[in-house]
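Right, one structure below, let's go through it.
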Amino acid sequence: MPKFIGYRCSICGEEYLPGQVTYTCPKDGGNLDVVLDYDSIRKKYQPEDLLSRDDPSLWRYLPLLPVNEPKGDSTPLHAAGGTPVFSLARLSEEMGLKQVWLKDESRNPTASFKDRASAIVVARALEIKAEVIVTASTGNAGAALAGMSAAVGQKAVIFAPKNAPPAKVAQLLIFGAQVILVDGTYDDAFDLSIKAADEFGWYCRNTGYNPFTAEGKKTAAFEISEWWRSAHQEFHKKVGESADHPPLTIFVSVGDGNIISGIHKGFKDLLELGWIKRLPRLIGVQAEGSAAIADAFYANTEKIRPVSAKTIADSISVDLPRDGVRAVRAARETNGTYVTVSDAEILSAIAGLGKCGIFAEPAGAAAYAGLTRAAAQGLVRGDEPILVLNTGSGLKDVRAAMQAVVEAPIIEPTLNALKRVL
Ligand SMILES: *Cc1c(COP(=O)(O)O)cnc(C)c1O
Ligand SMILES: [Zn+2]
């Protein structure tokens, strides 16, 4: 059975066979959705077949993925996904909410959500025998591609803006990728990487360009759905046994819009297979200074107007989002919405999550800042079950983290000096 049967353009709806296209729609540049053979999957598998696999990584969902798992086991590439969900009981009470959970994507092998996408794109590159994979990145996509590539001995070239946080650049270099720092923005790096891929025949992983990134990101939806099967019983105990409780609401931070689109695709796959009854509600969170997708959502259009992005959350700092159309739909088609948050709100979210033992980078904490904002605006109600994604680790950007806290005092090593500061 082939792993997928083709692609469908998200703009014009044109369908293509697997060998016909590589990146975007030749007619209008639209992003392509990968089309699975839903009938065959439905005949061959039951949800329980997946649940009974003892592999906790994203590879447990192999029947729903458009690639084969690379051979050899126990590399970081084989360990992507399978992230834990924590209860944020203390924080949720403060907001007047009954139950809030956080799925911690910082526990992926290179410490961000991007490992899901990069694992699948590297698997694809091995299948099509690509010699070199290239990506433009604000840092995390590059670190993920470099790490997943290194895990299986694949060559990678990464373009990042020269002001990417040092920890992310260190990851790129340590994973042995060829690293090119561009004197410009992420958008400049994006354009250059596509030119370079054309010129040198490299396989391009770029977000919102390569159709396989969303196929990796959708695995978070599979995990959420599996987790929700058991968690919602616990939720029932708290809010009472009404069969008709509100759907799960998921908060996701949004830059290019590929994570929220990928998660939407994952739930749509499950709906198409008849394995879930309804889609969770997706709420996208953007930084006020980088809100091109939220702007389009509020204007009720799919036309994405570029902005001049400026935010402390470098991973969601994007002038022209590359997956904006599908990202607008992800909220619209799930009865969700968009919220925007200031850098000050992001910093206070970093501090708030820290008090629950979770260390998030600014873009990761943005989703939680979005929930705080949404609760204050009455967009979410007390009895709704809510899941927030933390997409990246605070260790990725220590400089930003230090802005969220008061610095520690430095004292002489004497008890008297200690008494003065306690
Ligand atoms: C990439 C990234 C995002 C946003 O994902 P998009 O697909 O660009 O919307 C959010 N948080 C972190 C930590 C990221 O690295
Ligand atoms: Zn098209």
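One-based numbering, in listed order, for ligands and for the atoms of each. Because only heavy atoms are used, hydrogens play no part in the values below, and waters and symmetry mates are left out as well, while side chains stay in.
Note on ring orientation: taking the six-membered ring where Trp is involved, the planes of Phe190 and Tyr209 are perpendicular (angle over 60°, cut-offs 30° and 60°).
Using a 4.5 Å heavy-atom threshold, the side chains of Pro211 and Asp33 count as separate.
Remark: of the listed residues Asn258, Thr135, Asn206, Thr207, Asn258 is the sole one forming a side-chain hydrogen bond (donor to acceptor under 3.5 Å, both in side chains) with Thr213.
Protein N/O/S atoms closer to the Zn ion (ligand 2) than 2.8 Å number 5 in this structure.
For the atom pair CG (Asp269) and CD (Glu215), the distance works out to 6.5 Å, reported to the nearest 0.5 Å.
The six-membered or imidazole ring of Phe4 lies near that of Phe212, with a centre-to-centre distance under 6.0 Å.
Between the side chains of Thr138 and Asp314, no donor-acceptor pair is found at a separation under 3.5 Å.
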Check ligand 1 for close polar pairs with the protein: N or O on both sides, less than 3.5 Å.
| residue | atom | partner | partner atom | Å |
| --- | --- | --- | --- | --- |
| ligand 1 | 7 (O) | Asn258 | N | 2.9 |
| ligand 1 | 7 (O) | Ile259 | N | 2.9 |
| ligand 1 | 8 (O) | Asp256 | N | 2.7 |
| ligand 1 | 9 (O) | Gly255 | N | 2.8 |
| ligand 1 | 9 (O) | Asp256 | N | 3.3 |
| ligand 1 | 9 (O) | Gly257 | N | 2.7 |
| ligand 1 | 11 (N) | Thr391 | OG1 | 2.7 |
| ligand 1 | 15 (O) | Lys114 | NZ | 2.7 |
| ligand 1 | 15 (O) | Asn140 | ND2 | 2.8 |

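Within 6.0 Å of the CD atom in Glu127, the count of heavy atoms belonging to other residues, nucleotides or ligands exceeds 12.
Between Pro26 and Tyr16, the shortest heavy-atom distance links the atoms CD-OH, 3.3 Å. The heavy-atom pair separating Cys25 from Cys12 by the smallest distance is SG-SG, 3.9 Å.
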